[in-house]
Amino acid sequence: MAIPKQRIRLSEPVTRENLPKSFEPQGFEQQLYSFWKESGCFDAADENAQGQRAFSIVIPPPNVTGVLHMGHALTNTIQDILTRWHRMMGDNTLWLPGTDHAGIATQAQVEKQIAKEGKGPTGRPLTRHDLGREKFLERTWAWKEEHATHIQNQLRRLGSSLDWKRERFTMDEGFSSAVREVFVQLYNDKLIYRGERIINWCTRCQTALSDLEVVPTDRKGFLWHIQYAVVNDDGSPVVDPATGAPAKLTIATTRPETLLGDTAVAVHPADERYTAFHGKKAKLPLLGRLVPVITDEYVAMDFGTGALKVTPAHDFNDYDLGKKHDLPFVQVMGKDGKIGAAGGPFSGMKFSEARESMLQQLKESGELVKTEDHQNKVGLCQRCDQVAEPIISKQWFVKIQPLADPAIAAVREGKITFSPKMHEKVYFEWMENIRDWCISRQLWWGHQIPAWHCSSCQGITVARQAPSRCHECSARASALKQDEDVLDTWFSSGLWPFGTLGWPANTRALDTFYPTSILETGSDILFFWVARMIMMGLHFMDEVPFKKVYLHAMVRDEKGEKMSKSKGNVIDPLVLIDKHGADPLRFTLAAMAGQGRDIKLAEDRVEGYRAFCNKIWNAVKFFHLQWEEAQGGPIKEPDGGAEKWLLARKGELAPANAWILSRLQEMTTRVDKGFSNFELNESAQAIYEFAWGELCDWFIEFSKLPLRQGGEARMETLITLHYALEKLLTVAHPIMPFVTEELWQTLPWKRPANTPARNQKGELPVETLMFQSWPRPEAKFRNTEAEQTFGAMKGLIEAIRNFRGENNISPKVEFAVKYTATNRAVEQFVRSIENDVKALA
RNA sequence: UGGCUCGUAGCUCAGUGGGAGAGCACUACCUUGACACGGUAGGGGUCCCCGGUUCAAUCCCGGGCGAGCCAACCA
């Protein structure tokens, strides 16, 4: 592009000859990233320097399933802004990178890939079973390597100042040992147990799912009314007292096929329609099996017929009823999605086939008395959109209540704060009604459960390493077989804040950076991830994993729809970065990162902020032109720096200079406040308004006179301009790291960095904007008088211009002089530039 | 069913108890020495609707309508 490749980077000041005409991000972004990274600018120290604070964020590890989307761009932009800001404030700053193995999601991707590759022995597409566990895992690791690299590149293109030396993966060796440690400890604490309970089962993924992994979805369905005969214990018909005929009881169901597993019919105890049937039996149609009629207040009298068929093995509510009334659990559906032996004549059929067949027969026998339309919810597998079936299965669970209680308390006591605040309420609601967490998955990709089953005593040995003996019966290792299941992917990511810092070893990094300062992530994984990190962190570290939780809104497309591959409305951040540069994208995301609202990304906003980058670019170019050309050679930097020089003359500065310095101060304060309050849009707006609306539109226009005039006035204006630009670049750097660094490097009077960047050897400070000290929001240059004067000036000029219909810049100034108003402040100001204008004439 | 968020210009969005705003799009003029990724001027809005509090409401309160999200045991 515009910059020759051989240009010497970052050692020799750029002059206007090699400063490109306009903002061309492709020419410098990647070079700058390499420069920062290789100079060790991103690296945190294990221990704080004297008087230094630590600031740490762990990245929400992206799934290695594929590429980063706009939501990742948003979260990583926000995190990078906070990270860079703290680094400039002199903190020992760590932003720790890594990726998540994403069990089921990744496995599904690799399976899809395999299926495309050919047919197995039965003529069906290849499955993981054709490869075998070992081969399949090899394939998945290869996939992981490939995609992790891609994700790293995307994060780099975005400018993320991550400490890559500390990069982690949820299945790397150290992390795996942390996972085993946690499992063993929880098991020993009796907080992990294995039990046969009702769980969600995906018949396609062939695995158990947690409650969270099932997405309730509206489906159009029917409510079928089916008649059961009411009989006595011996099977003889009960006579309906009302009609004198054999009594019938009609139930309403959306899933008639589960009738095969019914073990009761429930009615409300106060429902007078059914009082006569209490304690009797109902005869299941088609099967003829007798089940008790029970009463429970759970039953809603006004829904359906007020009579509820109870299938404890295939419905969560019925399961609870079954437990309460000690009913048998008849499992009719197998993990393969077909009716099992208990289904009698229907065994071997798929659910849907069984339903059709049963309805047909019930219709013929007259037992199906009514069919109504009904909107109901079905749970779909989060990964594959298949209906998740509740079945009873032996799985591993975390007993969650003892972990949830301290996690609730920590937020109540303010040890962790949520932003926006409203999420706290949502958090409490969920945590207070939490169910035990099913953590075993019948997958291959993941942390295999560190439990060994003994073939000799059937006992279970849970251990950190493969045991040499059964802990129950001392059988030899040959009798032991490791549990084949793996852990829910969120089990391991729950350990992320301390697992990544070296736990269970007691590392210095852990001392320095735990608890982390901030967790920034999407509100959609509040329960999946945030809540579990809080529980795990408190249990294993005795301390919260982070002090603040920032939850950003979801990124949607222009129409407000969730971006998803299937809808084809995904905007790849890399495409936008290639087109417009990383800084415009980052600025856009920051400007739209207001709280509590979904973000609809429109590309024209990015284009607008690209123009903004160009504007700043040209403001700096303007400075270079003036600085070089105006006096035939560089002016020397004032002793002690521009700031000191300007402060010393604070009272006598030309009004335009005093004004822009005052505005600069105001802007700096606003930016700082925005970052502090997590209102990044405020910071972005302050920068935008100052740079374009004040510095470029007014100050630079006015500076042209004194700059052309020469002498003291030019000197003062040039120093002011340099100072304002340098400070602007500094405060804008967290949001727009690339363009600000690139331009800052060209400034002639760079101040030495306050914190030397470390290279790999811990030496060689490099000159970079990344370590410029963050301007403290002090009122050094606040100047109310100058603001008023200039404000009146602007108003006057605008009024004159309107009156005369003039629109050029120099008349702007001339009119101001000619039409001097009576306002004394304006008079004073105008007099100060009157001479300049005369000199020009 | 409950909870939450939102409703501001054609589009995407800021914002505030007293003047209605930005970007993009649109109209006219301007290639002036930083920038046409620019400049100047301009058109365009019942700030969802109805009540209330207030000297004053787009903003605060109540109700409604609409959009979306989250959590749910009504089969």
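Chain letters run A, B, ... following the sequence lines, proteins first and then strands; every chain starts at 1. Atom set for the values below is all heavy atoms of this structure, side chains included, hydrogens, waters and symmetry mates excluded.
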Please check the phosphate of [N] (OP1 and OP2 only) for any side-chain N or O of [X] closer than 4.0 Å.
{"X": "A/W430", "N": "B/rA72", "answer": "yes"}
{"X": "A/K425", "N": "B/rC4", "answer": "yes"}
{"X": "A/K21", "N": "B/rA36", "answer": "yes"}
{"X": "A/N681", "N": "B/rG15", "answer": "yes"}
{"X": "A/Q626", "N": "B/rA34", "answer": "yes"}

Next item on the list: Please state the C1' separation for the pair B/rA71 and B/rU12 - nearest whole angstrom.
Entry: 30 Å
Next item on the list: Write down the distance separating the P atoms in B/rA20 and B/rC59, rounded off to the nearest Å.
Entry: 15 Å
Checklist line | Contact nearer the 5' end of RNA chain B, comparing A/V620 with A/A307 | finding: A/V620
Tell me which nucleotide among [options] gets nearest to the side chain of [X].
{"X": "A/A619", "options": "B/rG15, B/rA75, B/rA34", "result": "B/rA34"}
{"X": "A/R605", "options": "B/rA34, B/rA22, B/rG15", "result": "B/rA22"}
{"X": "A/E24", "options": "B/rA14, B/rA34, B/rC37", "result": "B/rC37"}
{"X": "A/C696", "options": "B/rA75, B/rC70, B/rA34", "result": "B/rA34"}
{"X": "A/R610", "options": "B/rC37, B/rA75, B/rG23", "result": "B/rC37"}
{"X": "A/W692", "options": "B/rG3, B/rG15, B/rG38", "result": "B/rG38"}
{"X": "A/N317", "options": "B/rC74, B/rC73, B/rC37", "result": "B/rC73"}
{"X": "A/F527", "options": "B/rG39, B/rG15, B/rC70", "result": "B/rC70"}

Notebook entry, point to check: If only atom types and distance count, is the side chain of A/N614 paired as donor or acceptor with the main-chain N or O of A/F23 below 3.5 Å?
Noted result: yes
Next item on the list: Keeping the roles fixed (side chain from A/T263, backbone from A/P328), state whether a donor-acceptor pair exists under 3.5 Å.
Entry: yes
Paired with [N]: which nucleotide, if any, by Watson-Crick or G-U wobble criteria at under 3.5 Å for both distances?
{"N": "B/rG44", "result": "none"}
{"N": "B/rG62", "result": "B/rC50"}
{"N": "B/rA9", "result": "none"}
{"N": "B/rU31", "result": "none"}
{"N": "B/rC37", "result": "none"}
{"N": "B/rA20", "result": "none"}
{"N": "B/rA71", "result": "B/rU1"}

Mind checking if [X] touches a base, just sugar-phosphate, or nothing, with heavy atoms under 4.0 Å?
{"X": "A/Y688", "answer": "sugar-phosphate"}
{"X": "A/I700", "answer": "base"}
{"X": "A/T254", "answer": "sugar-phosphate"}

Notebook entry, point to check: Has the side chain of A/K621 got a donor or acceptor atom sitting under 3.5 Å from an opposite partner on the base of B/rC35?
Noted result: no
Notebook entry, point to check: Who are the side chain to side chain donor-acceptor pair (under 3.5 Å) partners of A/W437, not counting sequence neighbours?
Noted result: A/D488
Item checked: side-chain contact (heavy atoms from CB on, under 4.5 Å) partners of A/T669, counting only residues at least two apart -> A/P777, A/R782
Margin query: Centroid separation under 6.0 Å, is that true for the rings of A/Y550 and A/F418?
Written below: no
Check: For A/K309 and A/T311, what are the C-alpha separation, side-chain angles and deciding distance, and is it a side-chain hydrogen bond (donor to acceptor under 3.5 Å, both in side chains)?
Finding: CA-CA 7 Å; A/K309 63 189 270 314; A/T311 320; 3.0 Å; yes
Check: Between A/H314 and A/Q331, do the side chains contain an N or O donor and an N or O acceptor separated by less than 3.5 Å?
Finding: no
